[in-house]
Number of protein chains: 2
Amino acid sequence: MAKLNSELMRGSLDLMLLTVLSGGKKYGYLLQQELRDASRGLIDIQAGTMYPLLHRLEADKLIRSSWDDSTGRRRKWYELTPTGRKRLSQQAREWHEYAECLKNMLSPVLEPVPRTA
Amino acid sequence: MAKLNSELMRGSLDLMLLTVLSGGKKYGYLLQQELRDASRGLIDIQAGTMYPLLHRLEADKLIRSSWDDSTGRRRKWYELTPTGRKRLSQQAREWHEYAECLKNMLSPVLEPVPRTA
DNA sequence: CAGTCATATATCGCGAAGCTATATATAGAC
DNA sequence: GTCTATATATAGCTTCGCGATATATGACTG
């Protein structure tokens, strides 16, 4: 699966991270991998994109973090806050509405009208 | 219909303009109106966003323009170039793929699993 | 044991791009 | 004559994604 033109994802990156986090606590590197795997390589968020984004989401109190230093691998685990959960479901609905709308507009481009036999 | 959080549209604005232009020649103000109407107010691209975007698309030779000064209303009509048409169908497919992927990820959030009776 | 790669997080600087505000000009309504 | 809608354009601000770079450890390999 070819990597996606990343420009397309602008605007829904937070939504994606929040979505993956709704499946439970994750740390950054794991999040990155899960996204890549779940999308068969389509979605590959760079580290230099993801970490600042996680920091933003935390500053906005949509997620919270805790370090685990018990192993040699320092890991910062993130989880949704109640606010984050609300934001997620709201953004998800908004995105879905938008996607349906755009899909509708695109339909003539995606599936050209078959010739009337 | 409430206006959409415009952040969500980042990354697919060009796609939308190209899509609307695939329906025939349009000038900027008309484009803006058609988008707003077709989406029942959901998509409302600001003038300060749209005009620079149109200029970019033209600089990239995806669209071309011609002035109509025959009336009091100066209008700049835009139409797709062959290159723009190719780009549109390519971006449309890419977006669709991405949208399906995200929709998939979102499905547990959008439609919570019903309790097993 | 030295070298290399994967794991794991972080930040800087750059450039792209959307928004608000503002400017300009005309048409039509009242 | 004033106000609103039509129609296009640009400057300045800010946000944000990316590549590059830095740091440190674990795991494998010869």
Side-chain angles (χ1 to χ4, degrees), chain A residues 3-18 20-21 25-37 42-60 62-78 91 98, chain B residues 3-18 20-21 25-37 42-60 62-79 91 98 102:
Chain A
K3 192 175 150 187
L4 197 70
N5 167 15
S6 63
E7 197 53 38
L8 271 183
M9 297 187 286
R10 277 190 92 114
S12 33
L13 278 177
D14 354 0
L15 175 59
M16 272 195 287
L17 287 205
L18 293 179
V20 178
L21 281 175
K25 274 192 176 179
K26 307 258 152 65
Y27 57 94
Y29 196 83
L30 179 62
L31 242 150
Q32 192 184 20
Q33 283 182 319
E34 286 198 5
L35 264 174
R36 194 169 42 229
D37 294 349
L42 200 66
I43 295 164
D44 189 5
I45 300 184
Q46 300 308 304
T49 299
M50 192 188 49
Y51 291 110
L53 174 49
L54 285 170
H55 299 163
R56 277 199 299 279
L57 293 173
E58 187 170 26
D60 292 344
L62 302 176
I63 61 180
R64 65 174 150 242
S65 68
S66 56
W67 281 101
D68 176 13
D69 290 310
S70 67
T71 64
R73 302 272 188 229
R74 280 171 76 250
R75 282 171 183 156
K76 200 170 176 181
W77 292 82
Y78 288 97
Q91 278 204 0
Y98 170 60
Chain B
K3 189 176 153 186
L4 196 69
N5 168 15
S6 63
E7 196 54 36
L8 272 183
M9 296 186 286
R10 278 190 92 116
S12 33
L13 278 177
D14 355 359
L15 175 59
M16 272 196 288
L17 288 205
L18 293 178
V20 178
L21 281 176
K25 272 193 179 181
K26 307 260 152 64
Y27 56 94
Y29 195 84
L30 179 61
L31 241 150
Q32 192 183 21
Q33 284 183 318
E34 286 197 6
L35 264 175
R36 193 169 41 230
D37 294 348
L42 199 67
I43 295 163
D44 189 6
I45 300 183
Q46 299 309 303
T49 297
M50 191 187 50
Y51 290 111
L53 174 49
L54 285 169
H55 299 163
R56 275 199 301 278
L57 293 174
E58 188 170 23
D60 292 344
L62 302 176
I63 60 180
R64 65 175 151 242
S65 68
S66 54
W67 282 101
D68 176 12
D69 291 309
S70 68
T71 64
R73 303 268 187 231
R74 281 170 77 249
R75 282 170 184 156
K76 200 169 177 180
W77 292 81
Y78 288 97
E79 62 180 330
Q91 277 203 0
Y98 170 60
L102 184 46

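Values below: all heavy atoms of this structure, side chains included; hydrogens, waters and symmetry mates excluded. Per chain, numbering begins at 1; letters A, B, ... match sequence-line order. No experiment lies behind these values; they were computed from the predicted model shown.
In this structure, Gly48(B) reaches the bases: a heavy-atom distance under 4.0 Å links it to at least one base atom across the strands shown. Residue contacts shown for Gln33(A) are limited to sugar-phosphate atoms, with no base heavy atom under 4.0 Å away. Residue Trp67(A) is classed as a sugar-phosphate contact, given heavy-atom separations below 4.0 Å to backbone atoms only. Using a 4.0 Å heavy-atom distance criterion, Leu13(A) is classed as a sugar-phosphate-only contact.
The backbone N or O of Asp44(B) sits less than 3.5 Å from a side-chain atom of Gln46(B), completing a donor-acceptor pair.
Taking atom CD of Glu58(A) as the reference point, atom P of dT11(C) lies 12 Å away to the nearest angstrom. Rounded to an integer number of Å, the gap from Glu7(A) CD to dG18(C) C1' is 11 Å. Rounding to whole angstrom units, CD1 of residue Ile45(B) and P of dA17(C) are separated by 14 Å. Atom NZ of Lys76(A) is separated from atom C1' of dA24(D) by 16 Å (rounded to the nearest Å). In this structure, Gln46(B) places its CD atom 17 Å from P of dA9(D), rounding to the nearest Å. Between Asp60(A) atom CG and dT15(D) atom C1' there is a gap of 12 Å when expressed in whole angstrom units. The distance from atom OH of Tyr51(A) to atom C1' of dC12(C) is 17 Å, rounded to the nearest whole Å.
Within the 4.0 Å cut-off from OP1 or OP2 of dT8(D), not a single side-chain nitrogen or oxygen of His55(B) is found. Put simply, Arg56(B) has a side-chain N or O that comes within less than 4.0 Å of OP1 or OP2 on dA17(C).
Side-chain contact check for Leu31(B) versus Leu54(B): some heavy-atom pair is nearer than 4.5 Å.
Ranked by how close their nearest DNA chain D nucleotide is to the 5' end, Met50(A) and Met50(B) are led by Met50(B). Mapping Arg73(A) and Gln32(B) onto DNA chain D by nearest heavy atom places Gln32(B) closer to the 5' end of the strand.
Residue-to-nucleotide contacts include no donor-acceptor pair under 3.5 Å from the side chain of Arg74(B) to the base of dT8(D).
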